[in-house]
Novice: 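I'd like to ask you about the structure that follows.
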Amino acid sequence: QKRIVANYLKDKFQGGSNLKVFCDDDTVKVLAGIPADRFVTSSSSPTDSILFLDYLKENRVEYLVYERRDRSAAEKLFRDVGEERIKDHFQLVACTSMDLRLYRTVF
């Protein structure tokens, strides 16, 4: 299932794109084959939900890989803001049966 998300990102990165992705999942990062400096993670982001949104904007993150996991800034954001308001900031691109979702940012 992670390969679906990784392949989508890999296709978008073709041609030397400056694509930036928020992703806490190491498997997706490896499968996508995108250079490590194109990813941001929870470990480098603020834990406050509003500051996290600002962080994504400031870092020009185009895609967010969401997976339900403890200590994920994305998980906290979705829980704090709620699914309805998330639609104001993210467009669902792919969803797998493992609760792994890929969103495009719409800042």
Side-chain angles (χ1 to χ4, degrees):
Q1 298 297 323
K2 294 179 181 191
R3 186 168 294 283
I4 293 168
V5 171
N7 285 344
Y8 184 91
L9 293 171
K10 186 177 188 175
D11 288 345
K12 292 296 178 185
F13 193 75
Q14 296 299 324
S17 167
N18 287 327
L19 177 74
K20 278 220 136 161
V21 179
F22 175 88
C23 182
D24 286 328
D25 190 294
D26 292 335
T27 303
V28 170
K29 291 189 268 188
V30 169
L31 290 172
I34 298 171
D37 67 342
R38 306 311 312 163
F39 289 98
V40 295
T41 66
S42 290
S43 65
S44 62
S45 66
T47 56
D48 177 81
S49 294
I50 301 303
L51 294 176
F52 178 66
L53 280 175
D54 291 340
Y55 174 82
L56 295 176
K57 291 176 194 175
E58 290 168 9
N59 284 282
R60 299 181 182 182
V61 171
E62 294 178 56
Y63 289 94
L64 180 139
V65 178
Y66 170 86
E67 184 175 23
R68 291 180 196 242
R69 62 172 56 204
D70 291 337
R71 291 179 269 162
S72 168
E75 169 73 10
K76 183 173 180 349
L77 171 71
F78 280 50
R79 186 177 55 244
D80 289 354
V81 175
E83 291 287 333
E84 283 304 309
R85 290 198 46 223
I86 287 300
K87 295 176 185 176
D88 296 340
H89 304 288
F90 303 98
Q91 175 186 21
L92 184 64
V93 175
C95 185
T96 71
S97 61
M98 294 178 17
D99 282 331
L100 180 69
R101 300 179 204 156
L102 177 63
Y103 291 92
R104 179 164 175 78
T105 60
V106 289
F107 299 123

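No experiment lies behind these values; they were computed from the predicted model shown.
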Novice: Tell me, yes or no, whether the heavy-atom count around Arg79 atom CZ, taken from other residues, nucleotides or ligands under 6.0 Å, exceeds 12.
Specialist: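 Yes.
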Novice: Honestly curious: do Ile4 and Leu31 fall in one hydrophobic cluster under the side-chain, below-4.5 Å linking rule?
Specialist: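 Not linked; separate clusters.
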Novice: Measuring from Ile34:CD1 to Lys20:NZ, what's the distance to the nearest 0.5 Å?
Specialist: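 Between Ile34 CD1 and Lys20 NZ, I get 12.5 Å after rounding to 0.5 Å.
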Novice: Hey, would you say the Phe22 and Phe52 ring centroids sit under 6.0 Å apart?
Specialist: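 Yes, close enough.
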Novice: Mind checking whether Phe90 and Leu53 have side chains closer than 4.5 Å, heavy atoms only?
Specialist: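 When only atoms from C-beta onward are counted, Leu53 and Phe90 do touch, with a gap below 4.5 Å.
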Novice: Do the side chains of Tyr63 and Lys12 get nearer than 4.5 Å, heavy atoms only?
Specialist: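 In contact.
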Novice: First locate atom CD of Gln91, then atom CG of Leu102, and finally report the distance between them rounded to the nearest 0.5 Å.
Specialist: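 Nearest 0.5 Å value for the CD-CG distance: 10.0 Å.
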Novice: Of the non-hydrogen atoms in Asn18 and Glu62, which two are nearest, and what is the gap between them?
Specialist: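 Here Asn18 and Glu62 meet closest at O-OE2, 4.1 Å.
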Novice: Is the backbone N or O of Ala73 less than 3.5 Å from a side-chain atom of Ser42, with the two atoms forming a donor-acceptor pair by type?
Specialist: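 Flag set: sc Ser42 to bb Ala73 pair under 3.5 Å.
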Novice: Return the CG to CD distance between Leu19 and Gln14, rounded to the nearest 0.5 Å.
Specialist: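 The CG atom of Leu19 sits 11.0 Å away from the CD atom of Gln14.
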Novice: Using a 4.5 Å cut-off on heavy atoms from C-beta on, say whether the side chain of Val28 contacts that of Lys2.
Specialist: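 Answer yes - side chains close enough.
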Novice: Near Lys57 NZ, under 6.0 Å, is it more than 12 heavy atoms from other residues, nucleotides or ligands?
Specialist: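 Enclosed.
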Novice: If only atom types and distance count, is the side chain of Asn59 paired as donor or acceptor with the main-chain N or O of Val61 below 3.5 Å?
Specialist: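 Answer holds: no.
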Novice: Counting C-beta onward and ignoring hydrogens, is there a side-chain heavy-atom pair between Leu9 and Val65 closer than 4.5 Å?
Specialist: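 Sidechains of Val65 and Leu9: in contact.
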Novice: Using 30° and 60° as the class boundaries, would you call the ring planes of Phe78 and Tyr66 parallel, tilted or perpendicular?
Specialist: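 Taking Tyr66 first and then Phe78, their aromatic rings lie parallel (interplane angle under 30°).
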Novice: Within the structure provided, determine whether Asp24 and Glu67 are in side-chain contact (heavy-atom separation under 4.5 Å).
Specialist: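 No, side chains not in contact.
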Novice: In the structure I gave you, are the side-chain heavy atoms of Val40 and Tyr55 within less than 4.5 Å of one another anywhere?
Specialist: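 Side chain of Val40 against side chain of Tyr55, heavy atoms only: contact under 4.5 Å found.
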Novice: How far does CD1 of Ile86 sit from CG of Leu77, to the nearest 0.5 angstrom?
Specialist: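 It is 4.0 Å, given to the nearest 0.5 Å.
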Novice: Would the distance check show the side chain of Ser72 and the main-chain N or O of Ala74 forming a donor-acceptor pair, the cut-off being under 3.5 Å?
Specialist: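 Yes; at least one donor-acceptor contact below 3.5 Å.
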Novice: Tell me, do Thr41 and Lys29 make a side-chain contact under 4.5 Å, heavy atoms counted?
Specialist: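 A side-chain contact under 4.5 Å exists here.
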Novice: Can you get from Phe107 to Leu64 by hopping between Ile, Leu, Val, Met, Phe, Trp and Tyr side chains that sit under 4.5 Å apart?
Specialist: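 Yes, same cluster.
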Novice: Would Leu92 and Lys87 count as a side chain to side chain contact (heavy atoms under 4.5 Å, CB included) if you check the C-alpha gap in whole Å, the side-chain angles of each, and the deciding distance to 0.1 Å?
Specialist: CA-CA 8 Å; Leu92 184 64; Lys87 295 176 185 176; over 6 Å; no
Novice: For a 4.5 angstrom cut-off between non-hydrogen side-chain atoms, does Val5 reach Arg101?
Specialist: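 SC-SC contact between Val5 and Arg101 ruled out.
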